[in-house]
Structures are given as structure tokens and as C-alpha cells.
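For reference, the structure is listed below as C-alpha cells.
No hydrogens, no waters, no symmetry mates; every other heavy atom, side chains included, goes into these values. Within every chain, numbering begins at 1; the chains are lettered A, B, ... in the order of the sequence lines, protein sequences first and strands thereafter.
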Amino acid sequence: MVKLGGTAYKAPHAPIGVGFLIRNWPSLPQVSNLREPESAKTIGEKTVAKAKEKEQENVSYEESQLYRIRHSAAHVMAQAVMEMFPGEAKIAIGPPIEDGFYYDFDLPRNLTPEDLEAIEKRMRQIIAGKYPFEKKVVGAEEAKTLFADQPYKIELIEGLEEGGVDEYGEPLDEQPEISFYSHGDFTDLCRGPHVEHTGQINPSAVKLLSVAGAYWRGDENRPQLQRIYGTAWQNKKDLDDYLWKLEEAKKRDHRKLGRELDLFSTSEEVGAGLILWHPKGGLVRKTAEDFMRAQHEAGGYDFVYTPHIGKANLWQTSGHLDWYQDGMYAPLDIEGQEYYLKPMNCPFHIHIYNSKMRSYRELPLRFAEWGTVYRYERSGVLHGLLRVRGFTQDDAHHFCRRDQMPEEIDFVLDFSLSVLRAFGFENFQAYLSTRNPEKFAGSVEDWEAPTEALRQALERAGVSYKIDEGEAVFYGPKIDIKVTDALGREWQLSTIQFDFILPERFDMSYIGEDGQPHRPYMIHRALMGSMERFMGVLIEHYAGAFPIWLAPVQAVLIPITDDHLDYAFDVAGKLKAAGIRAEVDDSPSRMNAKIRAAQGQKIPYMLVVGDKEVEAGQVAPRLRSGENLGGIPVDDFIARAREEIERHL
RNA sequence: GCCACCCUAGCUCAAUCGGCAGAGCGAGCGCUUCGUAAGCGCUAGGUUAUGAGUUCGAUUCUCAUGGGUGGCUCCA
């Protein structure tokens with residue numbers, strides 16, 4: 001089976017204590033200039049509708065014509081590259097991936113953007129030649145002879161010959177046949193399928209996108225190859241739609257919007273992967289946190305606070321120094337004692353639990369903390385808000401009795417979905433990771449009940465879920481929830497994890513009804529994951545046009561002339577008194593420029609005030625969409641805005 | 001961390017085959033007082049990321065460091 005999208009698309013295992021949400025979509029270059037969409041929601045609906053259409057076609061991607069086109073395009077590209085470096089180009093593999101294809105090459109020099117143009121041009125010529133694709137099954141020896149000067153192919157053939165792995169290094173059940181596909185004078189080791197002839201690739205629906213380094217077989221100890229990414233579609237319109245999506249994604253890039261909307265920054269002097277929240281970004285974050293805090297309080301959580309460092313022994317007990325040291329920073333020496341910056345909050349929460357004797361009557365306990373943790377990330381993986389070195393998790397740990405477990409899981413799952421919905425996410429996909437037979441703590445029986453409890457909770461919640469067999473981390477099964485954003489991209493946000501290890505290691509207990517000590521169950525969970533990443537996803541989801549309840553500035557007063565300034569400040573005062581975040585644009589610019597500036601800041605309401613409004617005690621609201629509501633009384637506007645804020649519109 | 005590319009004013013970008021560093025936007029100040037996406041003018045703003053080297057001379061070439069971009073790898 002071809003690995004669709006490759007490893008880049010695979011969600012990571014969230015570590016104990018959680019907090020990882022990973023973008024499940026590649027970022028790619030973009031193209032033209034496009035109009036801003038009316039709202040994130042509209043695009044979301046369209047995208048979802050489209051995805052459903054695709055599902056109804058009921059043909060798997062691997063069986064589709066599009067898959068053949070992309071696979072064939074990869075071959076055509078390989079031919080063009082081989083011709084560019086006669087006798088010197090070594091070819092590796094080139095599969096179709098989600099939205100396109102790539103091919104890996106070992107070349108005598110680095111490719112430039114100009115090279116891509118030349119390759120693309122040559123590809124069009126090959127396509128125009130309508131060369132038929134021909135398949136030929138051969139023996140291993142013959143195959144090796146044919147690819148005598150292609151070391152990567154030889155390695156692949158040997159893999160096929162021995163059986164056990166396919167050309168992507170994935171395990172195989174059956175002994176595969178060795179087949180070639182040829183078109184024109186290019187032949188590649190390949191199992192297909194392909195289109196009938198190169199003419200079936202639409203030359204106006206193919207585009208090469210980028211070149212990047214990639215390790216042979218994804219192994220950083222093997223040679224690094226040059227990977228050319230391309231995209232291919234059935235027709236020009238599909239290509240244009242795809243390029244539009246890339247462009248739209250680029251415009252929504254939270255790093256760009258973060259600067260334009262003055263939400264956050266990083267500083268070379270502060271350090272890589274460390275986020276500085278500006279007042280506006282801080283306001284959005286605080287609003288989200290306040291909302292979440294209220295939800296948690298209503299949901300029976302207790303808020304706790306814990307320090308940022310802890311002694312080496314703590315991390316020894318928790319197992320972090322054995323299992324997670326690579327993710328931790330070097331210890332600090334404090335009066336001869338080693339302290340570590342915390343990569344997770346759980347040991348502290350456990351110590352709060354252990355600070356006194358617990359009775360079964362107290363359980364379940366739910367300790368929540370906006371806990372800031374620090375994890376070592378290699379410099380090359382840092383990315384805006386999405387991958388950082390210091391971040392704040394909306395972390396919580398549930399401690400419960402065995403009999404409370406199903407209810408506790410139901411609760412946390414429902415809770416997760418309800419809060420995600422509050423932030424405008426509508427489509428969820430859950431993944432249940434089950435025991436890895438090679439690597440698990442406790443007994444097989446220990447795993448059965450919690451795994452089944454998680455599965456049943458997913459059933460009861462009516463969430464669509466898939467089972468990731470053997471994908472659990474060693475200490476327990478887990479549920480990961482991915483959301484689909486306004487552009488149809490998937491992001492892993494929440495994670496709910498069982499833990500068999502820490503209660504044991506910290507010798508946690510409670511006194512049961514029988515007067516005997518019992519070991520509590522422990523659940524780690526983070527719903528937003530980390531505030532940094534969640535904000536990054538939110539910014540991209542809304543394209544910076546936050547719903548009014550989250551918008552840092554909810555209304556800006558735009559006086560037409562300076563004569564209206566007093567009135568504008570007067571109205572702004574009333575709005576603020578009513579709990580609406582309002583500002584007055586008292587810059588010396590003209591009204592048109594003020595509107596333009598406010599549009600750029602994506603402020604929900606622009607309240608124009610001139611002679612008419614002053615006279616009538618009104619404001620003339622303009623929406624971000626450009627809609628002009630005309631003059632309405634100030635009190636009516638306040639009522640309208642208040643309602644929208646309260647209803648999270 | 002690895003491969004490639006990049007770092008010039010707050011932002012977006014010019015320029016210098018190695019020879020006085022520029023524009024637009026933004027900012028400050030002034031003029032204008034205007035009805036739904038850019039009014040006009042003036043001014044300030046730079047050790048060309050940092051440090052070394054080569055050179056008569058380095059923003060330009062070399063090396064190192066820091067930061068970034070796209071991938072890869074990693075993320076119990």
C-alpha cells in the first residue's frame with residue numbers, strides 16, 4: 001500500500017501529559033491574488049460538501065484515475081530530470097500523494113527554481129508525445145541488469161526479491177512481482193497503475209511546486225536526496241482550485257496574520273520557539289481562556305497552580321528522565337541540587353493528589369491547570385505558533401475509581417467536543433489507539449476495560465472514529481480528536497489518554513469503601529492542546545477575522561470629520577460600559593482610509609458617525625463583509641452586539 | 001539536527017559585475033474636514049542579522065554564529 005501523503009501527514013503520538021496538536025496538511029507555495037472570503041464558515045461548508053461528494057463516488061484514491069495521472073506524471077517528471085543529467089541522475093522513488101506526487105533524486109548539483117521550469121516544460125513535451133505506458137513483469141536478475149547504474153533501484157529490487165518489504169520499505173504479506181513500466185524511452189521499476197499513454201495527463205493541469213531535501217527511505221542516516229513536489233489534476237479548473245486553496249492557506253498563515261494583526265511575535269534575542277503575546281493576541285487568548293475556565297469550573301474541575309521547575313528526583317520517579325530526557329532541557333544547579341524545567345505537568349498534579357489521604361468519596365478529582373511547559377525541539381522543526389519550545393497546555397488530570405471510569409470518559413469526550421464546537425469547529429474525526437503488543441505496561445487484562453470504555457464512549461458520543469491498531473503509547477490507550485478547519489485541513493487538537501504507569505510509580509491510592517487502599521485510575525487530557533498551537537489553528541481557521549466574542553477590537557468608531565470626535569468618544573464610552581471592546585479612530589486620515597484600516601484589522605463593526613448620527617443619536621455600522629446597516633440608535637447597536645457576543649457568533 | 005534557500009528601515013521589497021544604500025506602505029509633524037477600502041506635503045528612520053577573514057575598500061566574496069523559509073527526520 002502506498003503511504004498516502006507520506007509520514008508528514010501522519011499524526012504524531014501525543015506524549016504523556018499531552019499538548020501536541022499537529023497540522024495535518026502540508027504547506028506549499030502559493031500563487032495569485034484572491035478576494036477575501038465573506039466568512040470562514042461559508043468556505044467550510046463548501047469544502048465539506050465537496051468532500052462528501054468525493055466520498056459518494058465510492059472509489060478509493062488508489063483506484064482513481066487521478067491517482068494514475070499523478071503516478072504517471074511522476075514518471076514523466078523523472079524522465080525529464082534524467083534527461084537533464086544524462087548518466088548522472090540517480091532516481092529513487094516517486095509516488096502519488098494527497099493532492100499530487102513527488103519524486104526523489106540523487107543529482108550532481110542542487111536544483112533551482114529555473115530547473116523546475118525547464119523540467120515542467122520538458123514534461124509538457126513528453127505528455128504531447130502520447131507515449132503509451134507499457135508494463136512488463138521481469139525476474140530479479142533481469143531487473144538488476146537493467147538498473148545496473150541505479151543503486152537505489154537495485155536496493156528496491158533486492159527488497160522485493162527478498163520479499164517482506166515493498167518499494168517504500170513497508171512490510172508486505174506476499175512475495176511481490178517485479179514489474180517495470182515504460183513510456184517512450186523511460187523505464188521505471190513500478191507496480192503501477194498508470195494511465196494508458198502520457199497524453200492522458202492534462203498538460204494544463206500539472207504544476208511543479210517545490211524542491212526539498214528528503215532522506216532516502218526517510219532515514220536520517222542515509223543519503224539525503226532532492227525531492228521535487230508536483231501536483232496534477234484532471235483539468236485546469238481543479239488545478240486552479242487547488243492553487244487557490246494554497247493561496248488562501250498562505251493568506252491565512254498565522255505567522256503573517258500574527259504580525260499584521262499585531263497578535264504575537266518572536267524575537268531573535270529572546271530565542272527561537274518562544275512566543276511573545278502582544279496586547280491584541282493576548283486579548284484573544286485571554287478571552288478563550290476565560291471561556292474555557294468558566295466551562296471547566298462548571299464541569300467540576302478544580303484549578304491548581306504548579307511551579308515551572310522540579311527536582312531531578314521527581315522526574316526520575318515519573319520516568320521522564322528515562323523516557324523523555326531528549327525532550328527536556330539541561331538541569332539547573334540550585335545549591336548543589338539538580339532541577340529540571342518541566343516538560344509536563346502531571347507529576348505536580350499527582351503530588352497535589354498525594355498531599356493527603358484520599359477517600360473514594362472524593363473521586364473523581366479533576367485537576368486543571370494552564371500549565372506552561374518547555375520541551376526541546378530541534379531547530380528545524382520549529383514553526384510559528386504550531387511548534388514551539390515553550391507553551392501553555394490546557395492540561396488536566398482526572399483521578400477516578402475503576403467503576404467511575406466509563407462515566408469519566410464519557411464526560412471528558414463530551415466536554416471536549418462541546419468546547420471545540422464553541423470555537424467554530426464542526427467536523428471531528430477521532431482515533432482510538434490500541435495496545436502495542438510489542439510495547440505496553442501492565443497486563444493485557446489491564447488494557448481491555450479502558451480500551452473498551454474508550455471505544456464505547458466514542459460510540460455513545462456518535463463521533464466518527466477509526467482504530468489505530470497498536471498505536472497507543474506504552475502506558476495506556478488514548479483517543480485523539482482531529483478537527484477540520486475552514487479550508488478542510490485536519491488538525492489534531494484534543495487528546496485523552498489513559499495512564500497505567502504514573503499512579504503506580506507515585507504509589508497513588510485512595511481508601512475504598514472496604515477500608516482498604518486502592519490504586520486510582522488516571523486520565524491525562526488537553527482539549528485545546530497548547531494555547532500557542534490552538535491560537536495558531538484558530539487564526540488560520542478564521543483567517544484572522546475572529547468571531548465577535550473573540551475579536552480583540554469588537555467595534556471601531558469612525559468619525560467622518562474631527563467635529564464628530566467628541567460624539568465618537570462618547571459612544572465608545574457607552575459601548576465600553578456595556579462590555580464591548582470599542583476604540584475610536586482619531587487619526588488624521590479621511591474616513592475612507594479609516595475604513596480601509598479597520599477592514600485590514602478585520603474588526604467586526606465599523607461604526608461611522610457623521611452629522612446625521614450625531615443629530616439622531618445613532619451609529620451607522622458597517623460589517624467586515626462590506627454591508628452597510630445604515631443609521632441605528634446606539635442602544636439598539638449595543639443590544640445587537642451584546643447578543644452576538646453572548647451567543648458566540 | 002540534516003539538505004536547500006534566505007536575512008537590506010517597523011513591514012514589503014529595490015540597488016551595488018567589490019566603490020556615497022533607495023522606494024512604497026507604516027510612523028511623527030503640518031495642511032485638508034471629507035459619508036463607506038488608500039487626500040496632500042514635509043521629516044525622521046540603516047554599523048545592510050552578529051562576529052571574524054580576504055581586500056586599498058565588504059552590504060556584496062569566504063568562514064563561523066544567530067534567526068527564518070521549504071522539506072526530511074524527530075515529536076515515549
(message) Between B/A37 and B/G41, how far apart are the two P atoms, rounded to whole Å?
(response) 22 Å
(message) Only pairs with both distances under 3.5 Å count, Watson-Crick or wobble alike; so what is the partner of B/C25 in this structure?
(response) B/G10
(message) Both distances below 3.5 Å, Watson-Crick or wobble geometry, any strand: find the nucleotide opposite B/A52.
(response) B/U62
(request) Could you give me the CA-CA distance, side-chain angles and deciding distance for A/Glu532 and A/Arg375, then say whether salt bridge (Lys or Arg N to Asp or Glu O under 4.0 Å) is met? (result) CA-CA 14 Å; A/Glu532 282 72 14; A/Arg375 297 180 182 175; over 6 Å; no
(message) Could you check whether A/His524 and A/Gln497, counting side-chain N and O atoms only, form a donor-acceptor pair closer than 3.5 Å?
(response) no
(message) Please report the distance separating the C1' of B/A23 from the corresponding atom of B/U50, rounded so that it comes out in whole Å.
(response) 27 Å
(request) Would you mind telling me which of B/G1, B/G70, B/G39 lies closest to the side-chain atoms of A/His383? (result) B/G70
(request) Identify the nucleotide, in any strand shown, that forms a Watson-Crick or G-U wobble pair with B/G57, with both distances under 3.5 Å; if there is none, say none. (result) none
(request) Look at all strands and tell whether A/Glu613 reaches a base, only sugar-phosphate, or nothing, counting heavy atoms closer than 4.0 Å. (result) base
(request) Please state the P separation for the pair B/G26 and B/C20 - nearest whole angstrom. (result) 30 Å
(request) Tell me the partner of B/A38, counting only Watson-Crick (N1-N3 plus N6-O4 or O6-N4) or G-U wobble (N1-O2 and O6-N3) with both under 3.5 Å; none if nothing fits. (result) none
(request) For A/Gly218, report the nucleic acid contact type (base, sugar-phosphate, nothing); a contact means any heavy atom under 4.0 Å. (result) sugar-phosphate
(message) Check this for me: does the side-chain of A/Arg227 come within 3.5 Å of the base of B/A4 through a donor and an acceptor?
(response) no
(request) Write down the distance separating the C1' atoms in B/U59 and B/C17, rounded off to the nearest Å. (result) 15 Å
(message) Check this for me: does the side-chain of A/Arg387 come within 3.5 Å of the base of B/C74 through a donor and an acceptor?
(response) yes
(request) Please confirm whether the backbone N or O of A/Tyr215 pairs with a side-chain atom of A/Arg222, one donor and one acceptor, at under 3.5 Å? (result) no
(request) Find out whether A/Tyr152 and A/Pro223 are in side-chain contact, i.e. whether some heavy atom of one side chain is under 4.5 Å from a heavy atom of the other. (result) yes
(message) If you assign A/Tyr376 and A/Pro588 each to the RNA chain B nucleotide with the nearest heavy atom, which residue ends up on the more 5' nucleotide?
(response) A/Tyr376
(message) Does A/Asn592 reach a base, just sugar-phosphate, or nothing at all? Heavy atoms under 4.0 Å.
(response) sugar-phosphate
(message) Please tell me if A/Arg622 has a side-chain N or O lying less than 4.0 Å from either OP1 or OP2 of B/G35.
(response) no
(message) What's the gap between B/U73 and B/C11 when it is taken at their P atoms, as a whole Å value?
(response) 33 Å
(request) Identify the nucleotide, in any strand shown, that forms a Watson-Crick or G-U wobble pair with B/G70, with both distances under 3.5 Å; if there is none, say none. (result) B/C3
(message) When you measure from the side-chain N and O atoms of A/Ser379 to the phosphate of B/G1, is any distance below 4.0 Å, counting only OP1 and OP2?
(response) yes
(message) Of the options B/G70, B/G1, B/A76, whose atoms approach the side-chain atoms of A/His320 most closely?
(response) B/A76
(message) Quick check: any donor-acceptor pair below 3.5 Å linking the side-chain of A/Glu377 to the base of B/G1?
(response) no
(message) Between B/U48 and B/U60, how many Å separate the two P atoms, rounded to a whole number?
(response) 9 Å
(request) Could you check if a side-chain atom of A/Arg533 sits within less than 4.5 angstrom of a side-chain atom of A/Met528, using non-hydrogen atoms only? (result) no
(request) Scan A/Lys612 against the nucleic acid and name what it touches under 4.0 Å (heavy atoms): base, sugar-phosphate only, or nothing. (result) base
(request) Both distances under 3.5 Å, Watson-Crick or G-U wobble: report the partner of B/A76, or none. (result) none
(message) With side chain to side chain donor-acceptor pair (under 3.5 Å) as the test, pick out the partner of A/Glu540 among A/Arg252, A/Lys251, A/His254, A/Arg255.
(response) A/His254
(message) If you go through the side-chain atoms of A/Tyr215, does one of them form a donor-acceptor pair with the base of B/C2 closer than 3.5 Å?
(response) yes
(request) For A/Gly384 and for A/Arg378, locate the closest nucleotide of RNA chain B by heavy-atom distance; then report the residue assigned to the nucleotide nearer the 5' terminus. (result) A/Gly384
(message) Return the pairing partner of B/A15 with a 3.5 Å limit on both distances, Watson-Crick or G-U wobble; otherwise return none.
(response) none
(request) Remember a base hit wins even if backbone is also touched, and classify A/Ala620 as base, sugar-phosphate or nothing at under 4.0 Å, heavy atoms. (result) base
(message) Whether the side chain of A/Asp563 and the base of B/U33 hold a donor-acceptor pair under 3.5 Å is what I'd like checked.
(response) no
(message) Counting the atoms with a prime plus P, OP1 and OP2 as sugar-phosphate, which does A/Asn221 contact under 4.0 Å by heavy atoms, base, sugar-phosphate, or nothing?
(response) nothing
(message) Looking at B/A44, which nucleotide sits across from it as a Watson-Crick or G-U wobble partner, both distances under 3.5 angstrom, or is there none?
(response) none
(request) Side chain of A/Glu268 only, please: which of B/C34, B/U73, B/G66 is the nearest? (result) B/G66
(message) Using a heavy-atom cut-off of 4.0 Å across all strands, would you classify A/Asp562 as base, sugar-phosphate, or nothing?
(response) base
(message) Using side-chain heavy atoms (C-beta onward) and a distance below 4.5 Å, is A/Lys612 in contact with A/Gln618?
(response) no
